[in-house]
Amino acid sequence: MAAPNSKPSVLIFGGVNTCSRALACFLVPAEGDALVSHVRIVDKYSVAPPTTYFGAEFTKILSKPEIEYKQANLTVPSIVASMFEPPAGQNPYDYVFDLTGEVRPDRTEMIQINTTCKVSRSIGLEAAKQKVKAYVRMQLPFYESSSKSNHDEKDDPKPEGTIGTWWHETLRMLASIEDLNLVIVRVGLVYGPYTEYGYITTALTVASVYGHMKKPMKSLHSPGKHATNTVHVQDVAGAFWACANWMASLGRKEADILAGEQILFHNDKSKVSEVEGMPPHDKKLIAPLFNLVDDSNSTYLSVGQTATSMFGTTFEFFSIGERTLFKFVDDAVEEINEHHVGGWVEMNQASNPPITNTPLSAYMEKWDLDKHTVAFNNTKIKEIVGYKLQQPEFNQDALKEIVDKWKAEHTWPNL
Ligand SMILES: *[C@@H]1O[C@H](CO)[C@@H](O)[C@H](O)[C@H]1NC(C)=O
Ligand SMILES: *[C@@H]1O[C@H](CO)[C@@H](O)[C@H](O)[C@H]1NC(C)=O
């Protein structure tokens with residue numbers, strides 16, 4: 001018989017490569033009391049042997065009694081459904097955190113449809129059937145923010161590229177599941193301990209290479225008002241938890257009244273008949289939506305300056321004349337990476353002890369070198385959910401903590 005337990009039980013799907021490990025560590029800390037009775041994390045990776053980077057903290061909590069990890073192929077709906085069967089003695093799952101989705105911008109439309117939309121939709125359908133009390137969907141910032149404003153949730157920034165189109169379409173599919181207790185959290189550029197994913201981590205790694213070479217880090221883009229709003233991974237975890245509790249106390253209908261926003265169509269109309277579960281272009285879809293960024297109003301310039309000054313160098317911009325030499329970013333990618341990657345390898349070899357295995361890389365994909373603007377307003381989540389940021393400021397202390405933790409587990413060079 002299931003023991004009565006007032007703490008919720010939680011299912012986390014996907015995102016082991018992004019924010020799920022930090023979320024699990026927040027719910028079941030290595031030291032201290034767990035916030036939940038049980039967490040099952042489901043993703044495509046194997047734990048033993050590890051087929052991806054886990055980091056020291058997550059590795060530690062995997063042995064806790066509250067934590068269960070399952071490797072599964074979530075593109076198969078029957079496998080998704082089976083993941084909702086709680087272990088013996090556990091109550092049915094209360095909350096679902098959906099961090100699934102393909103994060104590589106170079107993936108094709110077909111891959112995005114299969115591994116972002118379809119996976120999330122089958123989890124959403126099953127969660128609605130099981131009547132979970134809250135379903136929090138992580139939306140990564142694959143949008144083209146206007147550089148002039150910071151978008152509140154009523155604004156409708158354009159999804160960026162194939163990845164943005166299908167991540168956004170996923171929100172429409174989920175919003176159309178009426179009985180799903182859905183909350184969408186649209187996050188800024190994530191950074192934090194053991195978070196090897198993302199733009200900020202790449203910037204940090206590359207800045208360290210320039211510091212090592214004692215050269216300024218130079219940017220292809222003019223500084224302008226180029227917002228790159230940030231959010232600490234601990235706040236992603238904290239806000240997801242706050243949103244789940246908020247939803248559980250209300251239910252979807254009430255939550256839509258308090259925080260519902262229309263999720264507008266940004267796709268090709270011809271796709272509606274091709275992709276299963278895709279709502280018609282003119283269907284009015286409403287779901288609770290919250291932005292989540294810190295209070296720093298981070299910009300390209302401020303992130304670059306904070307990261308480079310930590311490593312004793314500066315962040316500079318190529319002059320217009322120099323920039324025209326790189327007529328296309330494509331031409332510059334290989335040349336730029338030669339310097340970065342060579343420098344990073346050198347640092348790892350020179351480290352004491354030498355680093356032989358690190359998930360971190362100074363390689364910048366074309367996507368990383370292109371200009372992206374992320375400008376979100378965070379007022380709504382503070383006012384409606386009452387969420388209080390734990391790391392409101394993007395600063396050197398936060399970056400130092402990240403680097404120190406990597407040094408301690410020997411994934412960052414100790415020079
Ligand atoms: C997952 O399942 C799909 C559908 O059956 C299959 O095409 C794919 O190869 C599977 N992926 C893995 C990693 O096994
Ligand atoms: C996507 O899924 C469809 C239908 O299951 C399958 O036919 C197709 O091969 C898959 N494509 C990719 C790239 O995964």
Side-chain angles (χ1 to χ4, degrees), residues 11-21 23-24 39-55 58-59 62 67-85 87 93 96-130 135 137-140 142 159-177 180 196-197 265-281 357 359 361 365-367:
L11 253 173
I12 303 175
F13 286 101
V16 163
N17 55 339
T18 58
C19 302
S20 287
R21 290 172 289 121
L23 176 59
V39 182
R40 173 181 288 165
I41 303 144
V42 188
D43 208 335
K44 63 185 172 195
Y45 305 103
S46 146
V47 163
T51 54
T52 190
Y53 168 71
F54 290 123
F58 183 68
T59 303
L62 277 174
I67 298 275
E68 182 192 37
Y69 184 89
K70 279 197 181 273
Q71 180 184 16
N73 184 345
L74 294 173
T75 64
V76 182
S78 62
I79 295 180
V80 168
S82 72
M83 292 298 132
F84 282 78
E85 285 281 318
Y93 287 101
V96 170
F97 295 98
D98 173 7
L99 289 81
T100 59
E102 175 55 62
V103 298
R104 289 195 54 162
D106 57 353
R107 295 300 200 213
T108 61
E109 176 170 77
M110 197 49 154
I111 294 180
Q112 281 296 342
I113 292 169
N114 284 6
T115 59
T116 304
C117 298
K118 289 193 175 172
V119 167
S120 186
R121 178 168 176 267
S122 69
I123 300 169
L125 287 172
E126 189 61 31
K129 198 164 131 193
Q130 304 276 345
Y135 186 99
R137 167 70 184 173
M138 176 173 75
Q139 176 68 6
L140 291 169
F142 302 126
E160 186 167 29
T162 304
I163 192 168
T165 301
W166 293 101
W167 273 71
H168 182 79
E169 192 60 57
T170 302
L171 302 185
R172 296 182 72 250
M173 289 188 181
L174 291 173
S176 74
I177 304 173
L180 183 63
E196 90 285 16
Y197 166 77
F265 187 75
H266 279 290
N267 212 326
D268 182 342
K269 284 179 197 165
S270 70
K271 299 285 173 193
V272 174
S273 58
E274 290 171 24
V275 178
E276 194 191 341
M278 193 168 150
H281 74 275
N357 188 9
S361 161
E365 303 283 349
K366 182 177 177 305
W367 175 274

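Whatever order the structure lists them in is the order used to number ligands and atoms, beginning at 1. Residue numbers run from 1 in the order of the sequence given.
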### Derivation and outcome, ring pair (Phe, Tyr, Trp, His ring centres under 6.0 Å), residues Phe84 and Phe13
CA-CA 11 Å; Phe84 282 78; Phe13 286 101; 5.6 Å; yes
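Listed by first and then second residue, the salt bridge (charged side-chain N to carboxylate O under 4.0 Å, His left out) pairs involving residues 39-54 are Arg40-Glu68 (not counting sequence neighbours).
Within 4.0 Å of ligand 1, heavy atoms belong to protein residues Asn73, Thr75, Val76.
Under the side chain to side chain donor-acceptor pair (under 3.5 Å) criterion, Trp166 pairs with Glu109, not counting sequence neighbours. With sequence neighbours left out, the salt bridge (Lys or Arg N to Asp or Glu O under 4.0 Å) criterion links Glu126 to Lys129.
Stacking of Arg137 on the aromatic ring of Trp167 is recorded, both the 6.0 Å distance cut-off and the 45° axial limit being met.
Using a 4.5 Å heavy-atom cutoff, the side chains of Lys118 and Ile113 are in contact.
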